[in-house]
Peer 1: 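The structure follows.
By convention in this document, chain letters (A, B, ...) are assigned in the order of the sequence lines, proteins followed by strands, and residues within each chain are numbered from 1.
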Protein chains: 2
Amino acid sequence: MGVTMKDVAALAGVGVGTVSRMINDVAVKASTRKKVEAAIKELNFEPDASARALKTKRSQTIALILPTIWHPFFSEFAYHVEESLSKHGYKLYLCNADGDPQKEYDYIQMVKQSKVDGIIGITYSDIDKFVSTNLPFVSIDRHFSEAVTYVTADNFGGGKLAAEELDKRGCQKLVYIGGINQYPNETTLRADGFEAYCKEHHIAFDSLKIPEPIADFATPIKAFFDQVKAFDGIFCVNDTMAIEVMAALKTLDKAVLRDYQLIGFDGTKMESSRDYMLSTIVQPKQEMAAAAVDLILKKVAGEQTENRVILPVTFVSAGTTKDV
Amino acid sequence: MGVTMKDVAALAGVGVGTVSRMINDVAVKASTRKKVEAAIKELNFEPDASARALKTKRSQTIALILPTIWHPFFSEFAYHVEESLSKHGYKLYLCNADGDPQKEYDYIQMVKQSKVDGIIGITYSDIDKFVSTNLPFVSIDRHFSEAVTYVTADNFGGGKLAAEELDKRGCQKLVYIGGINQYPNETTLRADGFEAYCKEHHIAFDSLKIPEPIADFATPIKAFFDQVKAFDGIFCVNDTMAIEVMAALKTLDKAVLRDYQLIGFDGTKMESSRDYMLSTIVQPKQEMAAAAVDLILKKVAGEQTENRVILPVTFVSAGTTKDV
DNA sequence: CTGTTAGCGCATTCAG
DNA sequence: CTGAATGCGCTAACAG
């Protein structure tokens, strides 16, 4: 603290420009490099990031905007984003938008204050109005328009896969349960894929789509199963919903595995070292994070990028589906 | 982007100093304030954070170092830290140290590059060697030395409370199960409090302390219950451990509530809107986060602070203890 | 109360 | 390849 390039230059007997060039890996003669390195070490010099940012207009920082980090899917995703960014020498600003468009907007303003070089966003509001084409932005799980690059898991394929796995395990009557949001949402593709498989293979199915936000899961779920009495396979839009469905069905004396099989979506784990909580379609969160980081850094560097990346999902059997 | 204070000053017909003073809420005459505000709006001016940081030596950023955000306790805590920081106009750098002292050290170096004003750390390695007294640092859940301020829940009181609640519910033979770490750890106070209550009230108890890191929970737990056959109340060092214990006991044909009551620690929820997963001693994470933010900002401002804050815990009955 | 000015620490010309 | 000089956008001290 307090020691600047000038001090280093003085001690090494060179100009400040030379020190700067060293720091930035620009060609420097070996002999002078030695001297400068020694001086840096002796003085314990640390380049000042603010000064550098002021000059270069780069802060080496990416903002991650998500609804809330307090959710296993997002926290796992954030973990991988930070990990990937860190490898590239970038830092991560964490932004909990809480579904509040104003908060999202506020964070986007930060980019203009040159605090961040780009934004990775998982957002369900109309953020695209604010992201101009010259602002590096990568959307996760949500397709805005051709101008906005996005990364997503193969939701449609995942829905199909869930139906197929249930079918393969002898289920005769399938059910889809999910929420439905006012904002267009890639997750509806999970239902589409599921239904497409059922139609294609002439499998009977029913769907329950609960309007979000959902305050009470139990009531609509029970009401639904009052209508649909016969069923032996359920696919839920995500793992959280699946757990709610299991709980609701238990009060109706229906036990998973004995009375029905169940597949969730996301592949949520409470912690990295623990198991999946149920059979589920796993999103490749680490790969999605890596892809998002890759894209955003390319954008920051001014390179052209593909405008969407769709990654494959996998099925993992973990306690709520039978062995095949 | 591109529009600076100079442009604003020119349009408003004032000096740059006046614009700066306005931005920083220093006394300005109402009439000139009007003009400047109009110019700011018209030009869509955003002050450049890097330039400001360069001058003031303040980045309005705090780093949160934790083992991994991919853990419900930490992600909930991080959520509240970000929320609290955001209210104070501060940004949050997220750092997953992964228990790697080198990574922790690297992040601490950032402070010297004047990228962050202070650090809030949940760390179980010997980070105190690096945090000099002039570096604003607040430790969570871990007491280093007199020089390091820390915030923690009342672990000892929580342990006592768990024993008391089990006692109150008629348990005769209690058991404590937790891990034990090579680094001294505030969590051992949970066991201490628990045991203190038992001794004080002449209640029989046994303890199992498994060396960390724990790869396999089931084996030591089963071995332990082979020895300790009679028990009707269990207190676990945290909720994760409690869930593992429940699973292990199920394979021994012991069912919670029927054969024993169980209390965890932390008050973990998977998401903010969901319920606790079991009866547990709840840490006041929001209050802890607020206290940590309060302390760190005081330190950044150069104010003196208390050197520790211990917050009370509460018991919540949620499915693994009987009604009293 | 306000305009002017001098740096903050660095990257980047431009000469040499 | 290197040293000197310029300015990034802003704040703070100074003089009015």
Peer 1: Does A/T32 place a side-chain N or O at less than 4.0 Å from the phosphate oxygens OP1/OP2 of D/dT2?
Peer 2: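 Yes, because at least one side-chain N or O of A/T32 sits under 4.0 Å from OP1 or OP2 of D/dT2.
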Peer 1: Less than 4.5 Å apart, side chain to side chain, heavy atoms only: is that true for A/D48 and B/K57?
Peer 2: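 Yes, close enough: below the 4.5 Å cut-off.
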Peer 1: Of the nucleotides C/dG3, C/dA11, D/dA4, which has the atom closest to the B/R21 side chain?
Peer 2: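 When the side chain of B/R21 is considered, C/dG3 is the closest of C/dG3, C/dA11, D/dA4.
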Peer 1: Rounding to a whole Å, what distance do you find between B/K35:NZ and C/dC1:P?
Peer 2: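 The answer, rounded to whole Å, is 15 Å.
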Peer 1: OP1 or OP2 of C/dG9 less than 4.0 angstrom from a side-chain nitrogen or oxygen of B/K57, does that happen here?
Peer 2: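 Looking at the OP1 and OP2 atoms of C/dG9, one of them is under 4.0 Å from a side-chain N or O of B/K57.
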Peer 1: Expressed in angstrom and rounded to an integer, what is the separation of A/I23 atom CD1 from D/dT2 atom C1'?
Peer 2: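 For the pair A/I23 CD1 and D/dT2 C1', the rounded distance is 16 Å.
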Peer 1: Salt bridge check: are A/K298 and A/D294 linked by an N-O gap of less than 4.0 Å?
Peer 2: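 Salt bridge between A/K298 and A/D294, a charged N being under 4.0 Å from a carboxylate O: yes.
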Peer 1: Check the distance between C/dA11's C1' and A/Q60's CD and give it to me in whole angstrom.
Peer 2: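 The distance from CD of A/Q60 to C1' of C/dA11 comes to 14 Å, rounded to the nearest Å.
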Peer 1: Between D/dC10, C/dC10, D/dG3, which nucleotide gets closest to the side-chain atoms of A/T18?
Peer 2: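 Given the options D/dC10, C/dC10, D/dG3, the side chain of A/T18 is closest to D/dG3.
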Peer 1: When the distance from CG of A/L54 to P of C/dC10 is rounded to whole Å, what number comes out?
Peer 2: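 These atoms are roughly 12 Å apart.
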Peer 1: Under a 3.5 Å cutoff, is there a donor and acceptor pairing between the side chains of B/S75 and A/Y79?
Peer 2: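 No donor-acceptor contact under 3.5 Å links the two side chains.
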Peer 1: When the ring planes of B/H71 and B/F74 are compared, do they come out parallel, tilted or perpendicular, using 30° and 60° as the limits?
Peer 2: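 It falls in the tilted class, 30° to 60°.
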Peer 1: Can you tell me if the side-chain N/O atoms of A/R52 get under 4.0 Å from OP1 or OP2 in C/dC10?
Peer 2: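 For A/R52, the contact criterion (side-chain N or O under 4.0 Å from OP1 or OP2 of C/dC10) is not met.
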Peer 1: From CE of A/M22 over to P of D/dC1, roughly how many Å is that when rounded to an integer?
Peer 2: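 Value for this atom pair: 14 Å.
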Peer 1: Quickly work out the A/L43 CG to C/dG9 C1' distance and round it to whole Å.
Peer 2: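 Checked: the CG to C1' distance equals 15 Å.
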Peer 1: Please report the distance, rounded to the nearest Å, between NZ in A/K55 and P in C/dC10.
Peer 2: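 After rounding, the reported distance stands at 12 Å.
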Peer 1: Counting any heavy atom closer than 4.0 Å, what does B/V14 reach on the DNA or RNA strands: base, sugar-phosphate only, or nothing?
Peer 2: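 Since only primed, P, OP1 and OP2 atoms lie under 4.0 Å of B/V14, the category is sugar-phosphate.
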Peer 1: Using the closest heavy atom to pick a nucleotide of DNA chain C for each, name whichever of A/S20 or B/V16 lands nearer the 5' end.
Peer 2: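 Between the two, 5'-proximity favours B/V16.
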Peer 1: Give the rounded distance in Å between these two atoms: NZ of A/K6 and P of D/dG3.
Peer 2: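 These atoms are roughly 16 Å apart.
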Peer 1: Around A/Q304, counting heavy atoms of other residues, nucleotides and ligands shown, do more than 12 lie under 6.0 Å from its CD?
Peer 2: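 Counting other residues, nucleotides and ligands, CD of A/Q304 stays at 12 neighbours or fewer.
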Peer 1: Answer with base, sugar-phosphate or nothing: what part of the nucleic acid does A/T4 contact at a heavy-atom distance below 4.0 Å?
Peer 2: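 Touches sugar-phosphate only.
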Peer 1: Can you figure out which of C/dG9, C/dT2, D/dT11 approaches the side chain of B/N24 most closely?
Peer 2: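 The nucleotide sitting nearest to the side chain is D/dT11.
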